[in-house]
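Comments concern the structure below.
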Amino acid sequence: MKKVHNFNAGPCVLPDQAIENSIEALKDFCGTGMSVIEVSHRSKEWGEVMDECRALWKELLNIPDTHEVLFLGGGASMQFLYVAMNFLENKAGYLETGVWAKKALKEAQGLGNAFAVASSADKTYSYIPKGYEIPSDLDYFHITTNNTIYGTEIKHDIDCPVPLIADMSSDIMSRPVDVSRYALIYGGAQKNVGPAGVAFAIVRKDALGKVSRYIPTMLDYRVHVDKGSMFNTPPVFPIFVMKETLKWLKGIGGVEAIHKINEEKAALLYDEIDRNSLFIGTAAKEDRSIMNVCFVMAPGHESLQDEFLEFAKGKGMAGIKGHRSVGGFRASIYNACPAESVKALVECMQEFERLKK
Ligand SMILES: *Cc1c(COP(=O)(O)O)cnc(C)c1O
């Protein structure tokens with residue numbers, strides 16, 4: 001079905017199987033004679049989709065009973081506000097590792113005392129800060145585990161003396177996570193788990209209800225926990241495609257299996273970047289993301305940037321232009337990006353090097 005090698009950062013490549021099954025459900029949902037976007041969200045058939053989707057999340061990530069998974073509108077950017085609304089009472093600390101982390105911090109600052117505990121802004125967010133101390137009197141500490149724009153990643157669950165909250169928009173389900181260590185994990189679906197239009201939030205239920213402010217109904221996690229993410233009409237089609245995407249992931253062996261594949265794909269591409277005389281990576285080696293691989297032309301070859309983009313496009317590569325704030329190139333190699341696409345990009349870089357020698 002796929003005609004190009006899709007390296008888009010989000011929305012991005014999704015499994016063929018998920019897209020095909022979603023097309024079928026658009027035509028006829030569960031033999032109802034109606035499209036999945038035409039049935040009542042209160043119907044029995046839709047209820048089963050919600051249950052299956054929740055069950056897949058719980059199984060794939062080993063989510064303990066202390067936590068609930070929610071499906072909400074508004075994207076990850078709306079979750080920035082949910083976080084502060086539901087958890088900020090006195091003060092909150094953020095790890096400032098990029099544009100998304102800064103946007104999350106800004107929403108909290110609009111509601112109270114929130115600040116950056118450490119930042120890597122001094123080197124254009126090309127590394128993850130280390131050796132910082134998390135104050136023990138914070139309501140929560142917020143991290144962005146994968147910095148989609150800069151290609152850096154916090155690859156392990158960190159030790160944290162206060163409730164830990166993580167934006168995992170771009171690396172959720174790419175590696176095993178110990179959910180019990182987090183008060184909240186959230187993100188937009190459109191990188192690793194589905195199409196745009198739905199966000200996920202995995203919240204520890206006993207961490208809620210600790211703030212004194214009035215929380216508007218739609219921004220109160222407790223409401224969505226109580227109503228099973230159906231307080232109002234949920235984004236039905238994005239949730240359906242998410243369920244199909246998770247079914248595909250389960251079918252290929254789950255999170256442990258995809259983690260191994262992701263590490264292999266990333267190694268293939270980083271090895272070529274390190275070997276090829278025309279390119280260099282931009283992220284600190286120890287912090288390199290296995291989801292977003294950022295690189296630029298090596299010193300002395302900067303003028304070849306546009307030519308390489310054109311060359312790669314001619315070879316069927318889509319979406320490798322770097323984010324407008326950093327330039328260069330970025331190959332997003334999410335779960336559904338096949339190893340063949342990564343191999344094709346590596347070959348394309350090798351061919352370009354031969355051409356320029
Ligand atoms: C894409 C992204 C966001 C923004 O997601 P929206 O759903 O568009 O609001 C936030 N955080 C990270 C890490 C992202 O990659």
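Whatever order the structure lists ligands and atoms in, that order sets their numbers, starting from 1. Position 1 is the first residue of the sequence; numbering continues from there. Fair warning: this is a prediction, and the values are worked out from it, not measured in the lab.
Residues Asn146 and Ser170 bring a donor and an acceptor atom of their side chains to less than 3.5 Å of each other. Tyr221 and Gln79 share a side-chain donor-acceptor pair at under 3.5 Å.
At a heavy-atom cutoff of 4.0 Å, ligand 1 is surrounded by Gly75, Ala76, Ser77, Phe80, Trp100, Thr144, Asn146, Thr148, Asp167, Ser169, Ser170, Gln190, Lys191.
The backbone N or O of Phe80 sits nowhere less than 3.5 Å from a side-chain atom of His142 that would complete a donor-acceptor pair.
Every side chain to side chain contact (heavy atoms under 4.5 Å, CB included) that Ile252 has, sequence neighbours left out, goes to Trp248, Leu249, Ile258.
Atom CZ of Phe279 and atom CG of Leu269 lie 10.0 Å apart (nearest 0.5 Å).
Other residues, nucleotides and ligands contribute over 12 non-hydrogen atoms within 6.0 Å of the CG atom of Asp137.
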